[in-house]
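From a predicted model like this one, the values you see are computed outputs, not experimental measurements. Letters go in sequence order (proteins before strands), and every chain restarts at 1.
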Amino acid sequence: MGQPVVCDLVRRFDLTFNILSAIIYPHQEGRLILELYGSRKDFNRGVRYLKEMGVRVEKVGQEIHRNENICYQCGTCTSVCPTSALWVKRPDMEIVFEPEKCSACELCIAVCPPRAMSVKFNSTKML
Amino acid sequence: MPKKYKAVKTYQEINDRIKKGKAVVLTAEEVIEVVKKSGPVKAAREVDVVTTGTFSPMCSSGAFLNFGHTKPPIKASQAWINDVPAYAGMAAVDIYIGATESVEGDPLNSVYPGEFKYGGGHVIQDLAAGNKVKLRVQAYGTDCYPRQHFEKSFTVHEIPDAVLCNPRNGYQNYNCAVNSTKKIIYTYMGPLKPHFGNANHCTSGQLSPLFNDPYFMTIGLGTRIFLGGAQGYVTWPGTQHNPDPPRGKNGVPLQPAGTMMVIGNLKEMNPRYLVGASILGYGCSLTVGLGVPIPILNEDIAQFVGVSNDKIFTKVVDYGIDYPAGTGQSLGQVSYEELFSGTIRVNGNDMPTVPLSSLKMAREIAETLKEWIQKGEFLLGEPQMLLPSVRK
């Protein structure tokens, strides 16, 4: 691709970005997790542009998964979740997971005692 | 002179009512309102048993396994299950797998914070699940036990004995952990963010077994319990059992105090209630489901089971400085009502609270135990020796 796509999102589509995570190697497949701000119209145009440039675009929330058979609702994950996608519903003390709030930081994965959280994309595969 | 009670019941009387399906059984949450409304004497007359529950990582756990004599026979001196070292310094084919042992070759904390993906706790969960595990044994060989190597894959049902035997479970109260330093720390109380970023707590509060019998008036050797989904027993005071901690006016300890040693048949247990735990930066453990029935023998016991989270307190300990230095210092005291509310304030610092103990599972355990008793499937075990207590 060799194009400054993130820069173009700002210059051509008036979007503001926040890079949450990035693994990029020259001439290899990479992964970038971006938070984008802007009007819906600009956002849609920006995403269309990325796709035209050959970038596979996915919503991160769909990439993080909680195995409900493994999670025993302790709450340890809520101590590290930066976006409150994992939170404690009180007073029931139910541990709620809202994928749409998740920024895919992956902090919950290693913190979960029974290892109930997982990501679809696997960063180690790219190394 | 022993205290004269207005409401008196015996184990035998309660068990007779359980057998007839007439016992009145409530969970430790349900009974609170009853004691509040009716008072302890009436509550003691009306209620027979109160069930408790807890579901937390309990490090001092493990299992004795007898893997059966081999041909030719072997006297194990070293053993591994799924590459997790087990203790083999007992008789020929008896071994003990401890919950916190890590798999051989684990990088531990050399890649910090260590992930501790598999260990003794996970082996125990695999055994409870009926999964095949692989045993590897080495021996020096003797005239009577000549074999020096042995390997075998088995499920828990294919070996003679598998006994869960946890030397210290069900801690009566536990610290609320915080971190005053500038860096995140990874502890057995979970990750603690810098500058008092979070306050982690780990009991089921008013539902927790030993909060409901603070002076051990009903719990001791022979108390039948819910253990890992099966019926087990309290066999002894747990290691580090402290009967004489500082207590609140209601008798409830203000810091970690009493403990129980518990035992049960691992072959009957359910992996839903025995879960291998990987505690980031700390190690492996076993999350244990434990429930103790409290017989309401008199009004004092009814008073104790009526305790609620606003009347149970614990100390806040700085795991960044005081805990690793062993100072014994506390930053203050908070109630479980505050801890379960989501925020506590200590020395002017507001911090979000994080539960490490599953209240959802604790409730499920207390409810399950209640059902067992109501159906007459579970009778109370009368202790032959109560846990050591300071109450006369």
Note: A:R90 and B:S341 closest approach over all heavy atoms is CD-O, 3.3 Å
If you count the non-hydrogen atoms of other residues, nucleotides and ligands that lie under 6.0 Å from CZ in A:F17, is the total more than 12? no
May I ask you to test the B:L192-A:S79 pair for a side-chain heavy-atom distance under 4.5 Å? no
For B:N349, I'd like to know if atom CG has over 12 heavy atoms of other residues, nucleotides or ligands within 6.0 Å. yes
Checked B:G281, B:P191, B:G190, B:S285 vs chain A; the most non-hydrogen pairs under 4.5 Å come from B:P191
Greatest number of heavy atom pairs closer than 4.5 Å to chain A - which of B:P113, B:A277, B:P271, B:C284: B:A277
Chain A contact via B:R363 - side chain, backbone, both or neither, heavy atoms under 4.5 Å: side chain
Which portion of B:F55 sits near chain A, non-hydrogen atoms under 4.5 angstrom: side chain
So, A:T78 side chain and B:V354 main chain: donor-acceptor pair closer than 3.5 Å or not? no
On a heavy-atom basis, the closest approach of B:P57 and A:Y72 is CG-OH, 4.4 Å
To the nearest 0.5 Å, what is the distance between CD1 on B:I279 and SG on A:C112? 11.0 Å
Pair count under 4.5 Å, heavy atoms only, with chain A: among B:F116, B:Y186, B:F340, highest is B:F340
Could you tell me whether A:K101 atom NZ has more than 12 heavy atoms of other residues or ligands within 6.0 Å of it? yes
Less than 4.5 Å to any heavy atom of chain A: does that hold for the side chain of B:S278, its backbone, both, or neither? both
Please check if atom NZ in B:K311 has more than 12 non-hydrogen atoms from other residues, nucleotides or ligands closer than 6.0 Å. no
What's the separation between atom CD in A:E94 and atom CG in B:L359, rounded to the nearest 0.5 Å? 11.5 Å
Does A:Y49 OH have over 12 foreign heavy atoms under 6.0 Å away? yes
Most heavy-atom pairs under 4.5 angstrom with chain A, which of B:G197, B:G276, B:G342? B:G342
If every non-hydrogen atom of B:E115 is compared with every non-hydrogen atom of A:R115, which pair is closest and at what distance? O-NH2, 2.6 Å
Any side-chain heavy atom of B:T287 within less than 4.5 Å of one from A:P114? no
Taking the side chain as C-beta and beyond, is there a heavy-atom pair between B:S204 and A:M93 under 4.5 Å? no
Distance check, rounded to the nearest 0.5 Å: A:I70 atom CD1 versus B:R272 atom CZ? 12.5 Å
Checking heavy atoms, do the side chain of B:T353, its backbone, both or neither come under 4.5 Å from chain A? both
